[in-house]
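Input: a single structure, listed below in structure tokens.
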Amino acid sequence: MARKPFVTAVFTATTLTLAGCSGAGAPSGEAATAPADPGSVSGDITVLTQRTDLVQNGTMKKYATEFNKAYPKVKVKFQGITDYEGEVKIRMNTENYGDVLMIPAAISKDDYPKFFAPLGSTAQLSKRYRFTDKTGVNGKVYGIASFGTANGFVYNKAVWKKAGVTQWSATPRQFITDLRKIKAGTDSVPYYTNFKDMWPLTAWTNNLGSVSCDPQSSNKLVTTDSPWAPGSDLNVIDTLLYDIVHDKLSEKDPTTTNWESSKTLIAQGKIASMQLGSWAITQMQDAARKAGAGPDDIGFMPFPAQKNGKFCATLLSDYQQAVNAHSQHKAAARAWIDWFTDKSGYAQKEGAVSALKSAPMPDTLKAYTDSGVQFVERSEADTGKVNSIDDAAEIGLSKPDYRQKLVDLARGAQKGSLDDFLGDLDKRWNEARKTAGS
């Protein structure tokens, strides 16, 4: 079964307090330096991964076989973990958390040097890789992205065409109008919230920066008293979701949605659109093939907003690969990360954006590149500070609860107005800035 990747919002509503690395003492701070001579690198390494599907179907083993052609003295073992976040953060109370791992979202950025070996300087690695500021601490990089994802709406092109909509909506108002055309002219559900599975609602935050085309949109939250002020990215994003549900353009009962079923439903044209990252495109296309539908009907459109006549789409990092600071085989672990990022073709096979700056955009984003959509690599330099404010405000920008409340408000399951809801978020954020500091 295809699994969703790490949800790419830069925010985590909780940080992890660990007992410390008490087993054999604190990490040495030794860097995981890129090896110059592949033939001299040896050792057995364990790679922890959330991609249990790729471990089970033998794909990761095939990658290891190719890796061994370059590094014959390194033996790679994989551990696919279903509850990756939950299990790994517990294991990190010890020194036994693999040699290579995906950095759990619960780890505070400021704590990276306690748990991971530095991979090089930010100045050096940022020239070669995207998303390095996500794991940069005091001028050193502690993780390299497995891949990146662009943001927007997965949609069934045949359904939208049947409704008479052949161009991307350029404004939120136009998007609502187009969804109304779908409701009136087809049998499809215009928009599907995936409310019950919860995590898809967090993906709306990933559009922060797509509205304003501002790569600093996340960092600016640290100095902003009112992130939901009229015209702001978060105001536009949350107002659109509210209007979709309020105007009955989504499923009748959001408490009955199902993520796995939604892939088949959009492939069959029973759902017209869903807000997701570009990683979902290949999953929807695969669902179309299995359902006997046309994979070419699966399209991807940018968030309905333009700046100076151009659409923008944020680029965000998926899980970041890191080397355990306690690993006895740091050179071998670093060799795996470098090879997997640069040589394996993993990002391309997933239809994702490569962390390598020199790599072309994937075919899944051809519609974006052909239409001149501007890619905005959103800076995450101040993620730690944003998280601290978010924690203190108890909002949870990357947690589903806050947008589930928004959906409940829009459908009448919760009393109140949108203005009051957003005003309360601003008030809490403002107060949290004073207590958490900026």
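Remember, it's a predicted structure, so these values are computed and weren't measured experimentally.
- Distance check: M102 CE to T49 OG1 gives 5.0 Å after rounding to the nearest 0.5 Å.
- In this structure a side-chain-to-backbone donor-acceptor pair under 3.5 Å is present from T369 to K366.
- Within a 6.0 Å radius of CG in N138, other residues, nucleotides and ligands contribute 12 heavy atoms or fewer.
- Heavy atoms only, all atoms of each residue included: P200 and L276 are closest at CB-CD2, 4.4 Å.
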Practice task
Apply side chain to side chain contact (heavy atoms under 4.5 Å, CB included) to W204 and L406, showing your working.
Solution key: CA-CA 12 Å; W204 283 81; L406 180 64; over 6 Å; no
Exercise for the section: Verify ring pair (Phe, Tyr, Trp, His ring centres under 6.0 Å) between Y319 and Y84, making sure each step is shown before the conclusion. Expected result: CA-CA 11 Å; Y319 267 123; Y84 186 85; 5.4 Å; yes
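- The minimum heavy-atom distance linking P227 with L221 is given by the pair CB-CD2, 3.7 Å.
- A tilted orientation is assigned to the rings of W160 and F175, their planes being inclined by 30° to 60°.
- Here the closest heavy-atom approach between residue A145 and residue S317 is recorded as CB-OG, 3.4 Å.
- Note that the NZ atom of K220 and the CG atom of D214 stand 3.5 Å from one another [nearest 0.5 Å].
- Counting only distance, with no hydrogens or angles, the side chain of S217 and the backbone of C213 share no donor-acceptor pair below 3.5 Å.
- No hydrogens or angles considered: a donor-acceptor pair under 3.5 Å links the side chains of S379 and D133.
- Atom NZ of K196 has 12 or fewer heavy atoms from other residues, nucleotides or ligands within 6.0 Å.
- When only modelled atom types and interatomic distance are considered, R334 and Q321 share no side-chain donor-acceptor pair under 3.5 Å.
- For the pair K181 (side chain) and V165 (backbone), a donor-acceptor distance under 3.5 Å is absent.
- Panel note: side chain Y368, backbone M301; a donor-acceptor pair is recorded below 3.5 Å.
- Considering CD of Q79 and OG1 of T52, their distance stands at 13.0 Å, rounded to 0.5 Å.
- For the residue pair D178 and Q174, a side-chain donor N or O sits within less than 3.5 Å of a side-chain acceptor on the partner.
- Between W199 and W279, the ring planes are tilted. Angles from 30° to 60° get that label.
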Practice task
Go through the steps for K405 and D401 under the test salt bridge (Lys or Arg N to Asp or Glu O under 4.0 Å), then give the verdict.
Solution key: CA-CA 6 Å; K405 291 177 182 177; D401 309 58; over 6 Å; no
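- Between the side chains of T193 and E251, at least one donor-acceptor pair of N or O atoms lies under 3.5 Å.
- No more than 12 heavy atoms of other residues, nucleotides or ligands lie within 6.0 Å of CG in D363, so this atom counts as exposed by the packing criterion.
- Looking only at atom types and distance, the side chain of N207 has a donor-acceptor partner in the side chain of Q275 under 3.5 Å away.
- Applying side-chain contact (heavy atoms from CB on, under 4.5 Å) to N430 and the options K427, K434, R428 leaves one that passes, K434.
- At least one donor-acceptor pair under 3.5 Å links the side chain of D233 to the backbone N or O of G209.
- A donor-acceptor pair is defined here as one N or O able to donate and one able to accept, closer than 3.5 Å; no such pair exists between the side chain of K140 and the backbone of V137.
- Evaluated for a side-chain contact (heavy atoms from CB on, under 4.5 Å) with V323, the options L101, I144, D99, L119 yield exactly one hit, L119.
- Taking the six-membered ring for Trp, F78 and W336 have ring centres closer than 6.0 Å.
- Ring geometry for H326 against Y97 counts as perpendicular: the plane angle is over 60°, on a 0 to 90° scale with 30° as the lower cut.
- Rounded to the nearest 0.5 angstrom, S218 OG and N206 CG are separated by 10.5 Å.
- The backbone N or O of W228 lies less than 3.5 Å from a partner atom in the side chain of D426, making a donor-acceptor pair.
- In this structure, a donor-acceptor pair under 3.5 Å is absent between the side chains of Q283 and D286.
- Atoms OG1 and CD, from T202 and Q404 in turn, are 10.5 Å apart once rounded to the nearest 0.5 Å.
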Practice task
Decide ring pair (Phe, Tyr, Trp, His ring centres under 6.0 Å) for F300 and F153; before the verdict, give the C-alpha distance in whole Å, the side-chain angles of both, and the deciding distance to 0.1 Å.
Solution key: CA-CA 6 Å; F300 196 60; F153 289 77; 8.5 Å; no
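- No hydrogens or angles considered: nothing links the side chains of T224 and R433 as a donor-acceptor pair under 3.5 Å.
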Exercise for the section: Please assess N235 against S232 for the test side chain to side chain donor-acceptor pair (under 3.5 Å), listing each intermediate value before the final yes or no. Expected result: CA-CA 5 Å; N235 182 287; S232 67; 5.0 Å; no
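- Heavy atoms from other residues, nucleotides or ligands lying under 6.0 Å from NZ of K343 number 12 at most.
- Between G396 and D390, the shortest heavy-atom contact is N-OD1, 3.1 Å.
- Taking both residues in full, the closest heavy atoms of L201 and V407 are given as CD2-CG2, 4.3 Å, listed atom of the first, atom of the second, then distance.
- With hydrogens and angles ignored, the 3.5 Å screen pairs no side-chain donor or acceptor of D247 with any backbone N or O of L249.
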Exercise for the section: Assess whether side chain to side chain contact (heavy atoms under 4.5 Å, CB included) is satisfied between F303 and T314, documenting all intermediate values. Expected result: CA-CA 10 Å; F303 191 91; T314 50; over 6 Å; no
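- The aromatic rings of Y112 and F116 sit perpendicular, their planes meeting at an angle over 60°, well past the 30° parallel limit.
- Ion pair D111/K114 flagged as a salt bridge, since at least one NZ, NE, NH1 or NH2 atom sits closer than 4.0 Å to an Asp/Glu carboxylate oxygen.
- Checking Q374 against K310 by side-chain atom types alone, no donor-acceptor pair falls below 3.5 Å.
- Counting heavy atoms of neighbouring residues, nucleotides and ligands inside a 6.0 Å radius, atom CD of Q414 exceeds 12 of them.
- Side-chain atoms of R51 and Y346 include a donor-acceptor pair closer than 3.5 Å.
- Between F67 and F340, the ring center distance fails the sub-6.0 Å criterion.
- In this structure, K263 contributes its side chain and A280 its backbone to no donor-acceptor pair below 3.5 Å.
- The NZ atom of K307 lies 13.0 Å from the OG atom of S210; values are rounded to the nearest 0.5 Å.
- Side chain of S354 to backbone of A347: no donor-acceptor contact under 3.5 angstrom is found.
- Listed here is the closest heavy atom pair of N219 and A381: OD1-N, 3.5 Å.
- When only modelled atom types and interatomic distance are considered, D391 and S388 share no side-chain donor-acceptor pair under 3.5 Å.
- Side-chain atoms of T149 and S278 include a donor-acceptor pair closer than 3.5 Å.
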Handout entry: ring pair (Phe, Tyr, Trp, His ring centres under 6.0 Å) assessment of W168 paired with F311
Key = CA-CA 10 Å; W168 292 337; F311 288 105; 5.8 Å; yes
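- Counting heavy-atom neighbours within 6.0 Å of D253 CG, excluding the residue itself, gives a total above 12.
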Exercise for the section: List the steps, then state whether salt bridge (Lys or Arg N to Asp or Glu O under 4.0 Å) holds for D342 with R128. Expected result: CA-CA 10 Å; D342 297 5; R128 183 173 181 81; 2.8 Å; yes
